[in-house]
Protein chains: 2
Amino acid sequence: MRKTNSTNAINEKTLSRLCSTAHTLSVIGGRWKPTILWCLLDGKMRYHELKKSIKGVSERVLVLQLRELESDQLVKRIIYPEVPPRVEYELTSLGKSLEPLLNQMASWGALHKKKTQPARELEPAGVN
Amino acid sequence: MRKTNSTNAINEKTLSRLCSTAHTLSVIGGRWKPTILWCLLDGKMRYHELKKSIKGVSERVLVLQLRELESDQLVKRIIYPEVPPRVEYELTSLGKSLEPLLNQMASWGALHKKKTQPARELEPAGVN
DNA sequence: CCGTATCCAAATAGATACTG
DNA sequence: CAGTATCTATTTGGATACGG
């Protein structure tokens, strides 16, 4: 009759899923991480290409996010010992394994926007 | 031969998905939002039950996150005009529609942890 | 070209006393 | 009970000059 347990406290299964969800968010939740991941799903890119593609990100932050993705093993950093230097960023298989999740997030986000922001173009200019 | 286009700039489709992904993250990405959502997936709860279930959250922050979830229409707030006051929080259908996504996030998070943190229990106590 | 170092701003989270 | 009001701390992001 009761659901989960008498006090509605978080049960073990929920706790474990919660922890895993939080972990996922900590990995992909950075300000530019989804952008970077979407970029790299199209194929490997050099640092400067990323910088150009991702408008508005500063060098410091871009590098920070890349380093985090790297230490989370989503991104591989390949350094070619040349002059001038060349560095390529590429998704690891773990990184590529995010694609379905990112797609689902995109789908849900689109749905949510449609449901919560019904038909903007029908309201001409916003009176107040 | 070329992929997407010549300069590897973000194309329209990627841009749209990126935007939707960012939107999803802005909705569920708060510090306690996944916790709250997992709780409410088990059923409606009163404010104080949430407060007790979610250890470590302060009142201010809990209310803030609930208000954001409410204004994003994931959570319904039901006020009973009684003394003492009673308020229940419940997922809307839009909130419930997050369940598959949260499940997938949990699955990916668990997988990622397994791949990046191999077999903790094999290292006895951590020497350094 | 590919960053790092430094400094700064903004957003987010937290503790806690108080109120209808 | 269910919050709000303050105040503070921490975390995150940003601009930009400089270095290997």
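Note that the coordinates shown come from a computational prediction; the quantities given were computed from them, not determined experimentally. Proteins get letters first, then strands, A, B, ... in listed order; numbering begins at 1 in each.
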Can you tell me the distance, in whole Å, between the [atom1] atom of [X] and the [atom2] atom of [N]?
X	N	atom1	atom2	value
B:R86	D:dA2	CZ	C1'	13 Å
A:I36	D:dG13	CD1	C1'	13 Å
A:L50	C:dG3	CG	C1'	13 Å

Hydrophobic cluster partners of B:V83 (side-chain heavy atoms under 4.5 Å):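 Cluster partners of B:V83: none, it stands alone.
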Sugar-phosphate, base or nothing in reach of B:Y80, heavy atoms under 4.0 Å: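 No contact.
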Residue list, ring-ring contact (aromatic ring centres under 6.0 Å, His included) with B:H23, at least two apart or on another chain: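 Expected list: A:H112.
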B:S107: side chain to side chain contact (heavy atoms under 4.5 Å, CB included) partners, not counting sequence neighbours: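 Counting only residues at least two positions away or on another chain, B:S107 forms no side chain to side chain contact (heavy atoms under 4.5 Å, CB included).
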Listed partners of B:S16 passing side chain to side chain contact (heavy atoms under 4.5 Å, CB included), at least two apart: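 Side chain to side chain contact (heavy atoms under 4.5 Å, CB included) check on B:S16 returns nothing, list empty.
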B:T24 side chain vs A:G109 backbone, donor-acceptor pair below 3.5 Å: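 It does hold such a pair.
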Interface residues of residues 22-32 of chain A with DNA chain D (non-hydrogen, below 4.0 angstrom):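 Only A:G30, A:R31, A:W32 qualify.
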Selection: residues 60-70 of chain B, any non-hydrogen atom under 4.0 Å of DNA chain D: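 Of all residues in residues 60-70 of chain B, the ones placing a heavy atom under 4.0 Å from DNA chain D are B:R60, B:V63, B:R67.
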Partners passing side chain to side chain donor-acceptor pair (under 3.5 Å) against A:S97 (at least two apart in sequence or in another chain):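 Checked A:S97 against side chain to side chain donor-acceptor pair (under 3.5 Å); matches are B:W108.
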With A:R17 via side chain to side chain donor-acceptor pair (under 3.5 Å) - residues at least two apart: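 Listed in chain order: B:N103.
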Minimum-distance pair of heavy atoms, taken over all atoms of A:K76 and A:L91: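 Smallest heavy-atom distance, with atoms named: CE-O, 4.2 Å.
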Degree of bending, the helix from C:dC1-D:dG20 to C:dG20-D:dC1 (end axes from five pairs; round to 10°):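 If I round to tens, the end axes sit 50° apart.
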salt_bridge(B:R46, B:E88) N-O dist < 4.0 Å: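 No salt bridge links B:R46 with B:E88.
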Residues B:I78, B:V87; criterion side chain to side chain contact (heavy atoms under 4.5 Å, CB included); working and verdict: CA-CA 6 Å; B:I78 306 158; B:V87 174; over 6 Å; no
For nucleotides 17-20 of chain D, which of its nitrogen or oxygen atoms have a protein nitrogen or oxygen under 3.5 Å away, and what is each distance?
none

Look at [X] and [N] and indicate whether a side-chain polar atom (N or O) is within less than 4.0 Å of OP1 or OP2.
X	N	answer
B:Y89	D:dG3	yes
B:R77	D:dG3	yes
B:Y47	D:dT4	no

If you look only at distance, which donor and acceptor atoms sit under 3.5 Å apart when one is on a side chain in residues 61-75 of chain A and the other is two or more places apart or in another chain?
from  : atom 1 : to    : atom 2 : distance (Å)
A:Q65 : OE1    : A:W32 : N      : 3.0
A:Q65 : OE1    : A:K33 : N      : 3.3
A:R67 : NH1    : A:Y89 : OH     : 3.3
A:E68 : OE1    : A:K33 : NZ     : 2.7
A:S71 : OG     : A:E68 : O      : 3.3

Test side chain to side chain contact (heavy atoms under 4.5 Å, CB included) applied to A:D42 and B:N11, step by step: CA-CA 10 Å; A:D42 268 354; B:N11 61 42; 3.9 Å; yes
Partners passing salt bridge (Lys or Arg N to Asp or Glu O under 4.0 Å) against B:E82 (at least two apart in sequence or in another chain):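 Here the qualifying residues are B:R86.
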